[in-house]
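Input: a single structure, listed below in structure tokens.
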Amino acid sequence: RRVLFRSQAGTVPVGVAAWPARVERVVYTGARLEVQMRLADGSAATAEATNDGTAPFAQGQDIVAWFRPEDAWVIAAVG
């Protein structure tokens, strides 16, 4: 599951799909960073963001993962 947006607890916009989560790892890949998290139901999710040097996420931090439904997309199965 890939989460397009993420937010710290308490700052979730109205009208989005949201799940409680815990940060498992923050991966720095140069110009962007990847936040790997575990949702409350046990499934994994990943959020990507521009690496602006602030990195407000840390391993073990409780967050709320969210995305706007209009920003979601589906990859069709091949075969």
Side-chain angles (χ1 to χ4, degrees):
R1 197 180 282 186
R2 188 157 300 264
V3 178
L4 302 179
F5 298 94
R6 78 277 181 264
S7 176
Q8 294 184 0
T11 61
V12 177
V14 175
V16 300
W19 306 270
R22 176 163 288 152
V23 175
E24 290 192 327
R25 182 177 305 141
V26 180
V27 179
Y28 297 89
T29 59
R32 69 177 182 89
L33 62 95
E34 186 175 276
V35 180
Q36 298 172 1
M37 62 195 83
R38 184 72 49 190
L39 303 180
D41 68 1
S43 58
T46 302
E48 296 177 354
T50 300
N51 184 0
D52 63 4
T54 61
F57 300 98
Q59 185 175 3
Q61 178 181 7
D62 290 327
I63 61 171
V64 177
W66 62 275
F67 73 93
R68 293 182 295 250
E70 63 270 18
D71 292 328
W73 47 274
V74 176
I75 299 174
V78 177

Is there a side-chain contact between Val35 and Thr46, using heavy atoms and a 4.5 Å cut-off?
no
Salt bridge Glu34-Arg32, side-chain N to carboxylate O under 4.0 Å:
yes
Any side-chain to backbone donor/acceptor pair from Asn51 onto Gly30? Under 3.5 Å, distance only.
yes
Ala17: side chain to side chain contact (heavy atoms under 4.5 Å, CB included) partners, not counting sequence neighbours
Trp19, Phe67
To check you understand the geometry: which heavy-atom pair defines the closest contact between Ala18 and Val64, and what is its length?
CB-CG1, 3.8 Å
Residues at least two apart in sequence or cross-chain that pass salt bridge (Lys or Arg N to Asp or Glu O under 4.0 Å) with Arg25, listed by chain then number, are none
side-chain contact (heavy atoms from CB on, under 4.5 Å) evaluation trace for Val23 with Ile63
CA-CA 7 Å; Val23 175; Ile63 61 171; 3.8 Å; yes
Identify the heavy atoms of Val16 and Trp66 that sit nearest to each other, and give their distance.
CG1-CE3, 3.5 Å
With sequence neighbours left out, write down each residue that passes side chain to side chain donor-acceptor pair (under 3.5 Å) with Thr54, or none if nothing qualifies.
Asp52
Set out, in order, the CA-CA distance, both residues' side-chain angles and the distance that settles side-chain contact (heavy atoms from CB on, under 4.5 Å) for Glu24 and Met37, then state yes or no.
CA-CA 5 Å; Glu24 290 192 327; Met37 62 195 83; 5.7 Å; no
